[in-house]
**Q** 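One structure coming up, written as structure tokens, with questions to follow.
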Amino acid sequence: MLGAVRRFGVSQALRASAPRSLSARWAPQLLKWQAPTSQAPVLAKFLHTSFPALNAASAQVTETLENVSQEPEFITEFADLKTKGLIDASIIRNITHPGRMALTTMTEVQSQTINQMLGGVDVLAQAKTGTGKTLAFLIPTMQNILSDPTLKRAQPQGRHRSTGAGSSDIRALIISPTRELAEQIAAEAIKVAQGTGLVVQTAVGGTHKRSGLMRIQRDGCHLLVGTPGRIKDILSDPSSGVSAPKLNTLILDEADRLLDQGFSQEINEIKNLLPDPFKVDRQTLMLSATVPKEVMTMVKRTMKPDFKFIRTVRDDEVPTHVRVPQKTVFLQGYENALPTVLELAKTYQARQAEDQNLRPFKAIVYFNSTNEVNLAAEAFMALRGIPGDGRSRSPLGRMRVHQIHSRLTQAARTNSANNFRRAEEAILFSSDVTARGMDFPEVTHVIQVGPPRDRETYIHRIGRTGRAGKEGEGYLLLHDGEYEFYQDKLGDLPLTEDNTLSTASLNMARDLETASPAAAETIEQIKEAMNEVSPIMKESTYRSQLGTMSQSFTKKRNAILALNNLAIHGYGLAEPPAVKASIARNLGLDRIKELKLEEGGSFGRRAIDPFDSGRRGRSFDDSPFGGRRSSNRGRSSHGRSGHFGESRESRRDSPNRYGDAVFGARPRY
DNA sequence: AAAAAAT
């Protein structure tokens, strides 16, 4: 609105933006008021306060006007921000010094937004993944705080302690949809703030609330970074001593996520705990790689009417990087998924051994449920105890295996994230906790098993690779029965079909004799590893997948058939697990005869939560055995009974290996 | 039955 008033004068801006409800009584009078341009901010504020409904309409005007407007001169070097007196010298030193962050040139988002954000206007910034959005909002936010002459900076005192800053002087609140992303933003903020006297604190769930509060009370806080639940908890707790009466900046990272169904209510509750924006002027900044149309109403409701929508992704452009070739692989069945992941790892490792220019294999494998992540991670961990191809000790060589999802303890999650961040050659099995914003350096592959729930999720997941100008590749592993879902959700994205992976297209119930030795070996290894995984976990995973697959498959019956094949040929279960009749009914699956129902009504066997069966709190990363499973490895490699006692060779030669006898009529354990 | 997020 403010922009519109500045450019076109009061009357024209009003004519363009006045909603019907307003025009009847007020608009004619307002239109008569030819305010001088200098009055524009006052007018805009008055209109905003008096007619909240004006928000939506006026913001739209600003947005369209932005496309017409001339862009001012852009600064592209960090050093120039200092020489032009725009940004504090310590901040710029932290960014540019070779021993610190060692950056010289700004990215496109950075040079387009920093100046605007310094001016205090609300900004919604959309830019591709991995292009430095965090720094883009941290720099102007810190500068704006430092520009206040009344600011009490922290004074260094002793080794880790400092004093001077208060716990009720939060100037900027940064909200993130996941705990790990909040931690990552805080870590970057601390680097940028070094030597400025600004104090950065975090507030996330899964940590001790009291010790976090004590840190804030002891050292003070100017920028608080956190997740919605804990931030709300702290700000609404009068005994915490933490408050933000002078809050000037509210930042929503991954804004579209925070404004959608699951989060928007909590964000509103947080806003209600903050000072009235008409008494304490507040800048709102929102950032994301994706801004679906549906969230624009929420964006406009949260921002001032004159907000700027700055996009470095053109409207007609697909918001993924061309540097990241993206392939869709249609699997013979979901039982082919893990063999395919292993094949991708092995073939890349083999290429990398020949080509010094290739980086080590560092992959994130995404699944749609926590159970699938856990199952895959357990299987791959077990793989490390299986004799490898040729001379190597395991099929994975020296590759480390990590997993991360919400049902691990926070300590285990943090460990996984840190270990994977530092790892050279590793594979991270992950839920969508890491899909947004996480910056793991040098990720070479993003592999998605099953279709992402929506287009945005796909874009953010693929954005974990190809960051900061680096290369990367993406794979999406799907079932034929999901073709329509795929076309519908991801049809316009630059995916090309790939059928070069031999373990992807094998029929695991039939074709093993005709398979290449390498493919057969890979499948054998996964099968053997899968035997190490508890059947309880497999059954829970099956039940988890019912919900997602019955939605992504065009025909529900095909989803069940695919899932049953996965249970038998992939998980090695003797038969598909039974499901509660009530659940089958809820999913609209009760007429599908291939879905096995539990008997005995409400007295049927209760589903057991694998996370409650003794493994809670002990991930691979925080186990005392240095990431190796300590369980029955020794026992399992010798003295097996029945099928599993046979040598790998004899099994490979046996006919009908993938019939129902493959894993034995009765699974071990 | 399906990510995430306060205890």
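Naming: A, B, ... by sequence-line order, numbering from 1 per chain. Hydrogens, waters and symmetry mates are skipped; everything else that's a heavy atom, side chains included, is used.
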**Q** Please list all pairs passing the side-chain hydrogen bond (donor to acceptor under 3.5 Å, both in side chains) test where one or both residues lie in residues 179-190 of chain A, with sequence neighbours left out.
**A**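 For residues 179-190 of chain A, and leaving out neighbouring residues, the side-chain hydrogen bond (donor to acceptor under 3.5 Å, both in side chains) pairs sorted by first residue read A:Arg179-A:Gln410, A:Glu180-A:Gln410, A:Glu180-A:Arg413, A:Gln184-A:Arg421.
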**Q** Can you sort out which residues in residues 477-488 of chain A have a heavy atom within less than 4.0 Å of DNA chain B? Ascending by number, please.
**A**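 When residues 477-488 of chain A is checked for heavy atoms under 4.0 Å from DNA chain B, there are no hits whatsoever.
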**Q** Roughly, in whole Å, what's the span from CD1 in A:Ile583 to P in B:dA2?
**A**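 Computing the A:Ile583:CD1 to B:dA2:P distance gives 9 Å.
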**Q** Between the base of B:dA5 and the side chain of A:Arg257, is there a donor and acceptor pair under 3.5 angstrom?
**A**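 Donor-acceptor pair under 3.5 Å: no.
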**Q** When the ring planes of A:Phe440 and A:Phe420 are compared, do they come out parallel, tilted or perpendicular, using 30° and 60° as the limits?
**A**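 Geometry flag for A:Phe420 against A:Phe440: perpendicular rings.
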**Q** Within the 4.0 Å heavy-atom criterion, would you say A:Gly262 contacts the bases, only the backbone, or no part of the nucleic acid?
**A**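 Here A:Gly262 touches the bases of the nucleic acid.
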**Q** Answer yes or no: does a side-chain N or O of A:Arg210 lie under 4.0 Å from OP1 or OP2 of B:dT7?
**A**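 Checking B:dT7 against A:Arg210, no side-chain N or O comes under 4.0 Å of OP1 or OP2.
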**Q** Quick one: A:Gln448 CD to B:dA3 P, roughly how many Å, whole number?
**A**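 Atom-to-atom, A:Gln448 to B:dA3, this comes out as 16 Å.
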**Q** To the nearest Å, give me how far apart CG (A:Leu589) and P (B:dA1) are.
**A**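 Between P of B:dA1 and CG of A:Leu589: 12 Å.
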**Q** Give me the residues of residues 178-189 of chain A where at least one heavy atom lies under 4.0 Å from an atom of DNA chain B, by number, or none.
**A**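 DNA chain B contact set from residues 178-189 of chain A: A:Thr178, A:Arg179.
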**Q** Flag this pair as yes if the NZ/CZ of A:Lys300 is under 6.0 angstrom from the six-membered ring centre of A:Phe309 and inside a 45 degree cone about the axis; otherwise no.
**A**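 Checked: cation-pi criterion not met.
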**Q** Could you check which of B:dA5, B:dT7, B:dA1 has an atom nearest any side-chain atom of A:Arg230?
**A**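 For A:Arg230, the side-chain atoms sit closest to B:dT7.
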**Q** Angle class for the A:Phe330/A:Tyr486 ring planes (parallel below 30°, perpendicular above 60°, tilted otherwise)?
**A**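 Ring orientation, 0 to 90° scale: perpendicular.
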**Q** Nearest of B:dA6, B:dA2, B:dA4 to any side-chain atom of A:Asp233?
**A**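 Nearest nucleotide to the side chain: B:dA6.
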**Q** Would you call A:Val329 and A:Leu478 a side-chain contact if the rule is heavy atoms closer than 4.5 Å?
**A**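 Sidechains of A:Leu478 and A:Val329: no contact.
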**Q** Just the rounded figure in Å: distance from P of B:dA6 to NZ of A:Lys209.
**A**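 The distance from NZ of A:Lys209 to P of B:dA6 comes to 12 Å, rounded to the nearest Å.
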**Q** Nearest whole angstrom, please: distance from the P of B:dA1 to the CZ of A:Arg453.
**A**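 It is 16 Å, rounded to the nearest whole Å.
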**Q** So does A:Ser406 get a side-chain nitrogen or oxygen closer than 4.0 Å to the phosphate oxygens (OP1/OP2) of B:dA3?
**A**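 The answer is no; no side-chain N or O of A:Ser406 sits under 4.0 Å from OP1 or OP2.
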**Q** Using whole Å, report how far CG of A:Asp432 lies from C1' of B:dA3.
**A**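 It is 5 Å, rounded to the nearest whole Å.
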**Q** Tell me whether the centres of the aromatic rings in A:Phe553 and A:His479 are closer together than 6.0 Å.
**A**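 Yes - the distance between ring centres of A:Phe553 and A:His479 falls below the 6.0 Å cut-off.
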**Q** Side-chain N or O of A:Thr548 less than 4.0 angstrom from OP1 or OP2 on B:dA1?
**A**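 Answer is no, no contact under 4.0 Å.
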**Q** Is a donor from one side chain sitting under 3.5 angstrom from an acceptor on the other, for A:Gln545 and A:Thr548?
**A**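 Not at all, the side chains of A:Gln545 and A:Thr548 share no donor-acceptor pair under 3.5 Å.
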**Q** What does A:Gln551 touch in the nucleic acid at a heavy-atom separation under 4.0 angstrom: a base, only the sugar-phosphate, or nothing?
**A**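 Answer is base: heavy atoms of A:Gln551 come under 4.0 Å of a base.
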**Q** Could you tell me whether a side-chain N or O of A:Tyr366 sits under 3.5 Å from a main-chain N or O of A:Thr434, the two making a donor and an acceptor?
**A**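 Indeed, once roles are kept as given, a pair shorter than 3.5 Å links the two residues.
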**Q** Tell me the interatomic distance from A:Arg407, atom CZ, to B:dA1, atom P, rounded to whole angstroms.
**A**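 To the nearest whole Å, that distance equals 11 Å.
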**Q** Please classify the nucleic acid contact of A:Leu587 as base, sugar-phosphate, or nothing, using heavy-atom distances under 4.0 Å.
**A**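 Counting heavy atoms under 4.0 Å across all strands, the contact made by A:Leu587 includes a base.
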